[in-house]
Every structure is written in C-alpha cells, then in structure tokens.
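Have a look at the structure below, then the notes.
First the proteins, then the strands, lettered A, B, ... as listed; each starts at 1.
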Amino acid sequence: MNFRFQRRHHLRKRALFRKVYEEGRFVTNRLLAFHFLANPEGRRRVGFAAGKKLGGAVLRNRCKRRLRECYRLCQDRLPEGMDCIIVARKAMIDADWQPLLAAFQDLIRRGRAMVESSR
RNA sequence: UGAGUGGGAAAGGCGAUCGCGGCCGCACGCAUGAGGCGGUCGAGGAAAGUCCGGGCUCCAUAGGGCAGGGUGCUGGAUAACGUCCAGCGAGGGCGACCUUAGGGCCAGUGCCACAGAAAUGAAGACCGCCGGCCUUCGGGCCGGUAAGGAUGCAACGGUGCGGUAAGAGCGCACCAGCGGCCGGGUGACCGGCCGGCUAGGUAAACCCCACCCGGAGCAAGACCGAAUAGGGAAGGGAUGAAGCGGCCCGCUGAACCUUCCGGGUUGCGUCGCUAGAGCCGUCGGGCAACCGCCGGCCCAGAUAGAUGAUCGCCACCGCGCAAGCGGCACAGGACCCGGCUUAUUGAUCACUCACAGC
RNA sequence: UGGGGCGUCGCCAAGCGGUAAGGCUCUGGACUCUGACUCCAGCAUCGGUGGUUCGAAUCCAUCCGCCCCAG
C-alpha cells in the first residue's frame with residue numbers, strides 16, 4: 001500500500017479553492033468540513049484549509065499537518081477524479097487523534113455515497 | 001523561615017515505525033512532468049507586534065534651498081539608532097535598588113477654567129491690623145501695612161530673632177534662588193568665598209537653539225516563456241515628455257506621455273535567496289557597552305508554504321498507600337541584520353529587609 | 001509580507017486641554033377612556049494601561065480589537 005503524499009496532488013490556486021467552494025458539494029460534522037468537485041482532467045487534487053478563527057500560525061499549521069496525516073493514511077478510500085478540500089473547524093484544536101481519524105473517515109464515507117448516488 | 005531587589009543562562013532527552021522540504025552522490029529512464037536508492041541539513045528567544053535604526057535594490061553617482069518630520073543632561077560604544085554602557089542632576093523606597101522626553105519661558109507669542117482683591121504688571125487692600133479725623137457709639141472717611149485670615153495646583157522668597165504705631169530683606173543667622181570669582185572634573189556637575197536683596201508655572205503649547213533625516217520598498221528589482229493586433233478618439237511634447245512620490249533649483253535626457261473606448265494573456269517559471277556588521281573558543285585592551293589578534297565551524301531557504309502521527313523508556317510537576325492517571329508555557333522563518341516592546345515556563349546565582357536560634 | 005485608516009451611550013455621531021453636544025432606540029412620568037403624537041426627566045470607566053499637566057476624551061508612549069489596499 002502507498003502512504004506517500006506528493007506535492008503534485010496538492011490543490012493550490014486560490015481560484016481553484018473558490019471554484020470548489022462555490023460549485024462543489026460538501027458534508028460536515030463537528031470537527032471538519034469536506035468539499036468536493038469533479039476534476040475535469042480526472043485527476044485527484046486535495047487542499048487543506050484552516051482559517052484565522054482557529055488561532056495563530058502554530059495552531060493553524062498543526063491542524064493542516066494532522067489533516068494531511070489523516071489523508072495520507074486513508075487516501076485510497078477517497079473518491080477518484082475529484083478536487084477535494086478539507087476544512088478544519090474550531091473543535092478540532094482540542095480533538096484527540098482517534099476521534100479525529102474517525103471523523104475524517106466518516107466524512108469520506110458520506111462524501112463517497114453522495115458521489116455514487118448522483119451517478 | 002518569610003517578604004523583596006537585581007543579573008546571566010535554559011527552553012526536556014533517547015529510541016522504533018510510517019511520512020515531509022532543500023542540497024550532494026549513484027544507477028535507471030529520456031516523449032515530458034517526474035520517480036528509485038544512499039548520505040546530509042532542516043524554525044525562535046521572542047521567529048510575534050511592526051515601534052525605531054541600517055544593509056540591499058531601483059529612482060542622479062543621492063546634489064542645494066524651503067517646507068515637513070525626528071531626537072533632546074554629559075561622556076563614550078556602534079554601520080546606525082529613539083538602542084546600549086559609564087556617569088551627573090532630580091524624584092521614590094527602611095534597604096538591596098528603581099524611575100527619569102532631564103536643552104531654552106530675562107528672543108517673542110499664547111494659555112493658567114472655577115474660586116479669589118489680585119494669576120504676571122513690580123499690579124493689587126475683601127476680612128483683619130495700625131494711625132489720624134468724624135460719630136447719631138452701630139460705625140463711616142482718609143492714609144499706612146502683604147505679618148495673619150480667606151481662594152486656589154500655584155499669591156511676589158522660607159524659618160527664627162531683632163525691629164516697628166502696625167508692618168515689611170528694614171537688619172542679622174541659616175536655607176532656596178540669581179550673579180561673579182576661585183578650586184576639582186574631558187564634561188553634565190560638585191565644593192568654597194563674595195555680592196546685590198528676589199525675577200510664578202506651562203515648551204509630551206506655538207516656538208527658539210543644537211544635531212539628524214532624499215523617496216520608495218524583495219509584491220524592491222532583473223530575466224525567460226506563453227498569449228494577442230498592439231487598435232480607435234481627444235489633449236500635451238527640444239517653447240523640454242519622463243525620472244521626481246509637497247514646492248523651487250539643479251541633473252539626466254527622449255519620442256513618447258496622459259485620459260477615455262475596445263481587445264487579450266498570465267507559468268507546480270528562473271534569478272534576487274542566503275557566508276553574514278555570522279557563530280564558537282583562547283589571549284589582549286577597556287570600569288563597561290564594545291573592540292582587536294589568532295584558531296576552528298558552515299548553521300532553514302519553503303511558495304496553499306516543509307518538523308507530523310502512533311508507541312516505548314527516562315527526567316520534571318500534581319493527585320494517590322500502591323498499581324497508575326493527568327500535566328509539561330508562549331509560540332512557526334518568508335530578503336537579511338542591530339535594538340525596543342509585548343506574550344510566557346520551571347530552575348539558578350548574588351544581594352536587601354524582618355523575625356527566631358547559635 | 002508590506003502599506004494605510006478607525007475605536008466616544010444599544011445604533012449614528014459632534015467635541016480636540018477646563019462640567020462629554022445632538023438625533024434614533026430604551027426606561028419612567030405628564031397629557032388621553034386607551035394607544036399614537038407631543039412635552040418633561042433618566043441612561044457614558046470616551047478600547048485598555050502608564051506618563052506629561054493644577055487638570056487629559058483631547059498631548060505623548062505602549063498594548064488590544066476592527067476595517068481597507070497591493071498577489
């Protein structure tokens with residue numbers, strides 16, 4: 001199994017982020033929000049967001065690192081050919097690792113279901 | 001033991017598995033992005049706030065004047081500073097020690113509300129005090145007086161003695177202030193003597209004086225690639241466009257510039273980008289800040305932005321008989337340095353005061 | 001990251017060294033049979049903390065919060 005997460009799979013342009021937020025669909029729970037939109041090239045790109053509401057740079061970077069780790073460990077379960085954005089919500093700052101991972105997998109499952117039912 | 005003052009450091013450690021960024025090497029591959037293996041390096045004392053000062057880049061090689069802004073006891077340190085060091089003066093504390101934008105209101109101007117007789121001019125008499133005159137015995141008028149009362153943040157030196165009708169630097173002693181001389185110190189200033197006999201406060205009010213400051217900022221600036229068509233109208237231009245962001249001068253100096261209408265593109269691009277007022281150590285100079293010689297070291301360069309997750313052991317703190325459980329601050333480079341300020345953890349050293357014991 | 005601006009009552013705001021205007025809202029009262037209108041009254045640690053001054057919303061320093069501009 002491949003646990004790597006390379007730069008070319010990142011979603012990086014501000015315009016792309018906006019496109020996913022405005023045109024894509026999303027699911028949420030208490031810790032996270034998961035936005036997604038079909039990629040025209042059929043590739044998968046992932047972005048992570050942690051707004052200023054969460055706190056200073058240390059906290060925001062830490063949230064993004066933990067989200068990247070979540071994605072790294074279960075990237076094969078995500079729907080293929082989608083641009084995805086994982087947004088950290090305020091409750092995530094105090095969340096432990098196991099509940100965070102569970103919340104992440106929960107969102108993926110629900111997102112997948114939405115994608116498959118719409119096909 | 002308790003309370004307190006000041007200083008210099010540190011910022012948990014080791015290991016395992018998966019994973020991330022830069023650089024170097026190797027082999028593979030080459031249509032292109034990339035990928036594989038090994039090595040090595042990989043956030044802070046404040047990286048923060050952006051409050052100052054520089055370097056660097058472009059505009060003149062950064063020039064002159066005005067305007068504007070900053071600093072403000074003295075001497076030194078420094079690339080420079082509003083920083084630092086050593087002092088002076090003035091406040092505060094029993095003390096260790098702390099605080100201090102601290103030049104000039106006899107260059108000029110302004111302000112000092114209310115209260116008060118009067119708020120700066122050698123002006124001014126509300127109550128009182130003293131003298132004279134008058135008196136209807138209640139007091140009235142004239143003059144002297146800033147010692148007392150009253151007002152105020154502040155009232156024309158303060159305290160004491162003498163003096164006087166009552167008083168007053170009117171006289172004397174000490175103190176404060178002013179001026180002069182002498183001595184010490186590089187200087188701020190300190191000490192002593194003499195003199196006249198007294199001149200409000202406010203410059204973080206305008207201002208004056210001394211010194212300093214050209215403007216922008218790495219989204220500076222340079223280059224490559226992709227895209228398209230560089231189109232139309234008006235105005236200005238060697239009688240000087242533009243650089244130049246407040247004005248004038250000066251300099252450079254060209255065929256462009258400004259406004260409106262219409263059209264079009266923008267990359268996992270490259271350089272700047274990290275070897276520096278650099279770090280560590282010995283010695284020397286200096287009270288110190290700091291400087292110098294020699295030797296050694298290379299210590300982040302990302303670009304949605306690299307350090308995480310899980311686990312084990314040992315530190316430290318709290319709870320508990322114990323097994324164990326919980327905790328372990330503030331906080332993340334973005335061109336780089338020197339400061340300041342703010343946030344914050346647990347220790348440590350020196351010193352001071354109080355109480356008790358020897 | 002760099003540059004610039006603003007904080008005065010619940011809301012909009014004036015004041016820029018000497019007692020914090022005004023409007024809307026709210027509360028109480030008057031008028032009315034009851035409401036509305038009208039009239040009267042009430043409602044402020046001037047973002048926080050220090051400093052300068054006799055005296056600070058105002059001047060100075062520092063911190064906090066919010067907004068705007070440049071990819």
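Look at NZ on A:K64: it is 12 Å from C1' on B:A302, rounded to the nearest Å. With rounding to whole Å, A:I86 atom CD1 is found 21 Å from B:G308 atom P. Residue A:L73 contributes atom CG, which lies 10 Å from atom P of B:G19 at whole-angstrom precision. For the pair A:R68 CZ and B:G19 P, the computed distance is 16 Å after rounding to whole Å. Taking atom CZ of residue A:R66 and atom C1' of nucleotide B:U310, one finds them 12 Å apart after rounding to whole Å. In this entry the distance linking CG of A:L67 with C1' of B:C20 reads 15 Å, nearest Å. Atoms CZ (A:R62) and P (B:G305) sit 17 Å apart, rounded to a whole Å. Computed from coordinates, the A:F104 CZ to B:A309 C1' distance equals 14 Å when rounded to whole Å.
For B:G138, the base is syn relative to its sugar; the glycosidic angle is within 90° of 0. For B:A43, the base is syn relative to its sugar; the glycosidic angle is within 90° of 0. Glycosidic conformation of B:G33 is syn; the angle stays within 90° of 0. Anti is the glycosidic conformation of B:G102, whose angle departs from 0 by more than 90°. Base orientation of B:C299: syn, since the glycosidic angle falls within 90° of 0.
Nucleotide B:A304 forms no Watson-Crick or G-U wobble pair with any nucleotide shown, as no partner meets the under 3.5 Å limit on both distances. Base pairing of B:G116: no nucleotide in any strand meets the Watson-Crick or G-U wobble criterion (both distances under 3.5 Å). Pair assignment for B:C251 gives B:G243, based on Watson-Crick or G-U wobble hydrogen-bonding distances that are each under 3.5 Å. In this structure, B:A331 makes no Watson-Crick or G-U wobble pair, since no nucleotide meets both defining distances under 3.5 angstrom. Under the Watson-Crick or G-U wobble criterion, with both distances below 3.5 Å, B:U202 is paired with B:G110. Pairing for B:G6 goes to B:C349, judged as Watson-Crick or G-U wobble with the two contacts each under 3.5 Å. With a cut-off of 3.5 Å on both Watson-Crick or G-U wobble distances, the partner of B:A354 is given as B:U1. If you check C:A41 for Watson-Crick or wobble pairing at under 3.5 angstrom, you find it paired to C:U27.
For the C1' atoms, the distance from C:C31 to C:C11 is 30 Å, rounded to whole Å. Using atom P as the reference point in both B:A96 and B:G192, the two lie 25 Å apart (nearest Å). Nucleotides B:A107 and B:C244 place their P atoms 46 Å apart, quoted to the nearest Å. Separating the C1' atom of B:C56 from that of C:U58 is a span of 42 Å, rounded to the nearest Å. Across B:C181 and B:U83, the matching C1' atoms stand 42 Å from one another, rounded to whole Å. Atom name C1', nucleotides B:C208 and B:U71: the rounded distance is 16 Å, in whole Å. A distance of about 39 Å separates the P atoms of B:A113 and B:C211, rounded to the whole Å. Look at the C1' atom in both B:A115 and B:C126: the space between them is 13 Å, to the nearest Å.
Among residues two or more places apart in sequence or in another chain, the salt bridge (Lys or Arg N to Asp or Glu O under 4.0 Å) test is passed with A:R110 by A:D106. Residues satisfying the salt bridge (Lys or Arg N to Asp or Glu O under 4.0 Å) test with A:R25, not counting sequence neighbours, are none. Scanning for side chain to side chain contact (heavy atoms under 4.5 Å, CB included) contacts around A:L100 gives A:L31, A:L32, A:R66, A:C70, A:M92, A:W97, with sequence neighbours left out. Applying the ring-ring contact (aromatic ring centres under 6.0 Å, His included) criterion to A:F34, with sequence neighbours excluded, gives A:F36.
The line from CD1 of A:I93 to CZ of A:R62 is 10.0 Å long, rounded to the nearest 0.5 Å. Taken to the nearest 0.5 Å, the OG1 atom of A:T28 stands 5.0 Å off from the CZ atom of A:R89.
A:V46 places a side-chain heavy atom less than 4.5 Å from the side chain of A:F48.
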Between the protein and nucleotides 331-334 of chain B, which nitrogen or oxygen pairs are less than 3.5 angstrom apart?
{"residue": "B:G332", "atom": "OP2", "partner": "A:A57", "partner atom": "N", "Å": "3.2"}
{"residue": "B:G332", "atom": "OP2", "partner": "A:V58", "partner atom": "N", "Å": "3.1"}
{"residue": "B:G332", "atom": "N7", "partner": "A:R65", "partner atom": "NH2", "Å": "3.2"}

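Looking at A:R72, its side chain has no donor and acceptor atom pair within 3.5 Å of the base of B:C20.
One hydrophobic cluster, built from ILVMFWY side chains closer than 4.5 Å, cannot hold both A:F26 and A:L107; they sit in different ones. Both A:V27 and A:V115 belong to a common hydrophobic cluster when Ile, Leu, Val, Met, Phe, Trp and Tyr are linked at side-chain heavy-atom distances under 4.5 angstrom.
Toward the 5' end of RNA chain B, the nearer of the two residues A:E69 and A:A49, judged by each one's closest nucleotide, is A:A49.
One finds a salt bridge joining A:E116 and A:R112 here, because a Lys/Arg side-chain nitrogen approaches an Asp/Glu carboxylate oxygen to under 4.0 Å.
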